[in-house]
Amino acid sequence: MDILNNVSLRKYNTFGIDVKALFFASITKPEQLQEVLNGKEVRSLPYLILGGGSNILFTESVEKLVLKADIQGIKQELIDNERILVTAGAGENWDSFVQYCVNQNWGGLENLSLIPGTVGASPIQNIGAYGTEIKDVFSHLEALDMSDFSIKRFTLPECRFGYRDSVFKNELKNRYLIISVSFLLSTHPKPNLSYPALKNELVNSGSNITIREVADTVSRIRRNKLPDPMQIGNAGSFFKNPVINVTHFNELQEKHPDLPSYPNGNDRVKLPAAWLIDKCGWKGRRIGDAGVHTKQALVLVNYGNASGKEILELSQRIKESVFNRFNIHLDTEVNII
Ligand code: FAD
Ligand code: EPU
């Protein structure tokens, strides 16, 4: 097992931040974890689990052992006439996995096309887009307990999925390395067109819309508004969309009749953080190499050589603006290290 020393993480995070990791190891089989963690140099060090680095902002050098979850493999088991259980290794690229399922005509993940990152990270924040979250088709996952290397299976309720949230971001933060995730997909898929922007794009496609058309349409919409991390560093939405109470919403709507909103149950309303940030005049602004994307105000970008600290400072200024103008606190979606 190779444990590398003093490794640049630039190519391991989609913001393209150039920081060093003190130690770095790629885990391709679950059995390797114990061997790596018992290594003489790293035994007493803290660790950081890394997937594709597409939801992380490094603000300083990582004086830890970085464990890159690189376990590969896809397998499937037909459950009955309608359902197939598909299991993928944590290190599989998320979008390649989704396209593989769509090509087999296994439905359920197509609305999550083109999200960067790995299968293993998908449960951490219950990734979501265009009317689907992984919780909708999640069956279970297997994870290594970092304290005793035993393997634990987590069922759907045990993951406590919420909007961009799970037990792995809360009570069990840093406790488990996810090794595989299993999804229950449909062998007779029905497209999910509940998201208005997706439905509008497919309005002229007739009644027999395939999941391949859904996947391609989602990918096209995403390419049109989100920056490609290979061209401009970013980690997707920097903040979560805030949820406020109805009284606060009514006050805001009186002043801003054009404020978009989505009902969120129990007298709560979800607002697009992008709109709030845009209204504060941040869209397209740039401070050095740190900026706010020109087409999507919720996406912070690195135009080349911004440091993680510069991007974090920009995010703090944005938070202050939104708070001062709308009395709304934005929570960060990206993991700040
Ligand atoms: P990383 O960034 O490497 O890690 C994220 C977190 O998960 C870290 O806390 C890490 O420690 C932990 N982690 C990673 N792998 C494991 C593992 N195997 N076991 C335990 N912990 C682990 N997200 C959405 O939900 N919806 C979107 O539409 C979306 N669009 C995006 C668009 C762009 C252009 C970009 C750059 C990002 C977007 N994201 C979106 C965010 C990101 O793609 C997802 O959060 C993705 O799941 C992160 O995967 P990753 O492998 O890169 O995780
Ligand atoms: N808007 C603006 N200005 C902008 C951009 C958007 O005012 O610059 C307004 C528009 O009114 C638009 C609304 O904001 O209708 C929502 O914008 P969009 O449809 O782009 O979605 P979002 O709420 O910004 C969320 C997710 C994305 C996900 C898309 C599609 C969060 C934090 N973000 O973005 O997820 O891909 O919906 O489902 O929930 C991510 O998590 O990294 C991510 C990219």
Side-chain angles (χ1 to χ4, degrees), residues 9 12-16 27 47-58 66-71 89-95 111-134 141-144 146 163-166 168-169 172-181 195-198 218 221-242 258-262 270-279 282-284 292-301 330-337:
L9 293 177
Y12 297 111
N13 72 99
T14 57
F15 258 124
I27 305 292
Y47 58 82
L48 169 74
I49 301 169
L50 188 64
S54 65
N55 209 19
I56 271 190
L57 178 66
F58 292 118
V66 171
L67 296 165
K68 188 158 181 315
D70 280 334
I71 299 157
E92 290 286 342
N93 174 273
W94 174 260
D95 185 49
N111 297 48
L112 303 174
S113 289
L114 215 67
I115 297 181
T118 58
V119 167
S122 65
I124 303 291
Q125 69 162 14
N126 175 30
I127 57 170
Y130 297 95
T132 299
E133 292 181 329
I134 64 148
L141 63 79
E142 290 198 337
L144 277 168
M146 298 299 286
Y163 165 61
R164 297 295 187 272
D165 204 19
S166 76
F168 305 105
K169 284 182 81 174
L172 299 184
K173 194 174 164 71
N174 251 336
R175 274 279 308 280
Y176 287 91
L177 186 144
I178 293 170
I179 53 182
S180 68
V181 189
Y195 199 86
L198 177 60
V218 166
I221 299 173
R222 295 180 68 95
R223 281 197 187 94
N224 280 337
K225 68 177 175 195
L226 292 169
D228 174 358
M230 299 299 279
Q231 317 281 332
I232 307 174
N234 77 93
S237 301
F238 198 88
F239 303 103
K240 294 189 207 177
N241 285 331
D258 57 332
L259 172 64
S261 63
Y262 321 100
K270 194 188 263 185
L271 304 179
W275 187 92
L276 303 170
I277 297 168
D278 200 346
K279 268 280 175 223
W282 282 103
K283 191 164 169 175
V292 180
H293 187 47
T294 49
K295 293 188 192 161
Q296 228 297 355
L298 192 48
V299 179
L300 303 194
V301 294
L330 292 182
D331 283 330
T332 303
E333 177 188 304
V334 170
N335 298 280
I336 312 289
I337 306 291

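Order of listing sets the numbers, starting from 1, for every ligand and every atom in it. In this text the structure is predicted, and so the values were computed from the model without any measurement.
The proximity of Q125 to ligand 1, defined as any non-hydrogen pair under 4.0 Å, is limited to the side chain. Contacts between N55 and ligand 1 below 4.0 angstrom, taking non-hydrogen atoms only, involve backbone and side chain alike. Counting heavy atoms closer than 4.0 Å to ligand 1, residue I115 contributes side-chain atoms (C-beta onward) but none from N, CA, C or O. At a heavy-atom distance under 4.0 Å, only side-chain atoms of I124, from C-beta outward, approach ligand 1. With a 4.0 Å cut-off on non-hydrogen atoms, A69 touches ligand 1 through its side chain and not its backbone.
A heavy-atom distance below 4.5 Å is not found between the side chains of Y12 and V66. Residues L300 and V334 fail the side-chain proximity criterion, which asks for heavy atoms closer than 4.5 Å. Counting only heavy atoms from C-beta outward, the side chains of T118 and K68 never approach each other to under 4.5 Å. For the pair L114/V218, no side-chain contact is recorded, criterion being any heavy-atom separation below 4.5 Å from C-beta on. Taking the side chain as every heavy atom from C-beta outward, D331 and P242 never approach each other to under 4.5 Å. Put simply, the side chain of D70 does not reach to within 4.5 Å of the side chain of I27, judged on heavy atoms.
Under the 4.0 Å distance rule, the nearest protein heavy atom to atom 10 (C) of ligand 2 falls outside the cut-off.
Among all non-hydrogen protein atoms, the one lying nearest atom 14 (O) of ligand 2 is P272 CB, 3.3 Å. From the protein, the heavy atom lying nearest to atom 7 (O) of ligand 2 is W275 CA, 3.2 Å. In terms of protein heavy atoms, atom 50 (P) of ligand 1 is closest to G52 N, 3.3 Å. Considering only non-hydrogen protein atoms, atom 27 (C) of ligand 1 sits nearest to G128 O, 3.5 Å. Of the protein's non-hydrogen atoms, the one nearest atom 39 (O) of ligand 2 is Y163 OH, 2.7 Å. In terms of protein heavy-atom proximity, atom 1 (P) of ligand 1 is nearest to G53 N, 3.5 Å. Here the protein heavy atom with the shortest distance to atom 5 (C) of ligand 2 is A274 CB, 3.5 Å. When only non-hydrogen protein atoms are considered, atom 40 (C) of ligand 2 lies nearest to S237 OG, 3.2 Å. The nearest heavy-atom contact from the protein to atom 23 (O) of ligand 2 is N241 ND2, 2.9 Å. With respect to atom 5 (C) of ligand 1, the closest heavy atom belonging to the protein is N335 ND2, 3.7 Å. Closest to atom 35 (C) of ligand 1 among all protein heavy atoms lies G236 N, 3.3 Å. Among protein heavy atoms, atom 36 (O) of ligand 2 sits closest to R222 NH1, 3.5 Å. Of the protein's non-hydrogen atoms, I49 O, 2.6 Å is the one closest to atom 11 (O) of ligand 1. In terms of protein heavy-atom proximity, atom 18 (N) of ligand 1 is closest to I178 O, 3.1 Å. Ranking protein heavy atoms by distance to atom 53 (O) of ligand 1, first place goes to A121 CB, 3.3 Å.
Heavy-atom proximity to A129, at under 4.0 Å, picks out these atoms of ligand 2: 36 (O), 38 (O). Those atoms of ligand 1 that come under 4.0 Å of a heavy atom in A129, given as number and element, are 28 (O).
Within the set K240, R164, Q296, the minimum heavy-atom distance to atom 27 (C) of ligand 2 is found for R164. Counting only non-hydrogen atoms, the option in G117, S237, P116 that gets closest to atom 43 (O) of ligand 1 is P116. Residue N234 holds the heavy atom nearest to atom 34 (C) of ligand 1 of all those in N234, N111, L226. Residue Y195 holds the heavy atom nearest to atom 21 (O) of ligand 2 of all those in Y195, Y130, Y262. Residue K283 holds the heavy atom nearest to atom 8 (O) of ligand 2 of all those in K225, E333, K283.
Although no hydrogens or angles enter the test, the distance criterion places a donor-acceptor pair under 3.5 Å between the side chain of W94 and the main chain of L112. A side-chain donor-acceptor contact under 3.5 Å links N234 to the backbone of P227. Within the 3.5 Å criterion, the main-chain N or O of L298 finds a donor-acceptor partner in the side chain of Q296. Although no hydrogens or angles enter the test, the distance criterion places a donor-acceptor pair under 3.5 Å between the side chain of K169 and the main chain of R164. Although no hydrogens or angles enter the test, the distance criterion places a donor-acceptor pair under 3.5 Å between the side chain of Y163 and the main chain of N241. The closest donor-acceptor contact from the side chain of Y47 to the backbone of N174 lies under 3.5 Å.
Considering backbone and side-chain N/O atoms, G51 comes within less than 3.5 Å of an N/O atom of ligand 1. For ligand 1, one of its N or O atoms has an N or O atom of S54 under 3.5 Å away. Every N/O-N/O distance between L50 and ligand 1 stays at or above 3.5 Å. Checked against a 3.5 angstrom limit, the closest N/O atoms of T118 and ligand 1 fall inside it. The N/O atoms of A297, backbone and side chain alike, include one that comes under 3.5 Å of an N/O atom in ligand 2. Below 3.5 Å of separation, one finds an N or O of D278 facing an N or O of ligand 2.
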Test M146 against L177 for side chain to side chain contact (heavy atoms under 4.5 Å, CB included), laying out the working first.
CA-CA 7 Å; M146 298 299 286; L177 186 144; 3.8 Å; yes
* Apply the test side chain to side chain contact (heavy atoms under 4.5 Å, CB included) to residues H293 and L226: give CA-CA distance (whole Å), side-chain angles for both, the deciding distance (0.1 Å), then the verdict. => CA-CA 8 Å; H293 187 47; L226 292 169; 5.9 Å; no
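Separating the OG atom in S180 from the CG atom in L144 is a distance of 9.5 Å, to the nearest 0.5 Å. Interatomic distance, K279 NZ to L259 CG, rounded to the nearest 0.5 Å: 9.0 Å. Rounded to the nearest 0.5 Å, atoms CD (E333) and CG (L57) are 12.5 Å apart. We find the CZ-CG distance between F58 and N13 to be 5.5 Å, quoted to the nearest 0.5 Å. The CD1 atom of I124 sits 7.5 Å away from the CD1 atom of I49 when rounded to the nearest 0.5 Å. Between atom CG of residue N55 and atom CD1 of residue I336 there is a gap of 9.5 Å, rounded to the nearest 0.5 Å.
Under a 4.0 Å heavy-atom criterion, Y176 is in contact with ligand 1. Distances from ligand 2 to the non-hydrogen atoms of F239 include at least one value under 4.0 Å. Within the 4.0 Å heavy-atom shell around ligand 1 one finds R222. Ligand 2 lies nowhere less than 4.0 angstrom from a heavy atom belonging to A197. Taking 4.0 Å as the cut-off, R164 counts as a neighbour of ligand 1 on heavy-atom distance.
Annotation for A235 and F15: closest pair CB-CE1, 3.5 Å, computed over non-hydrogen atoms.
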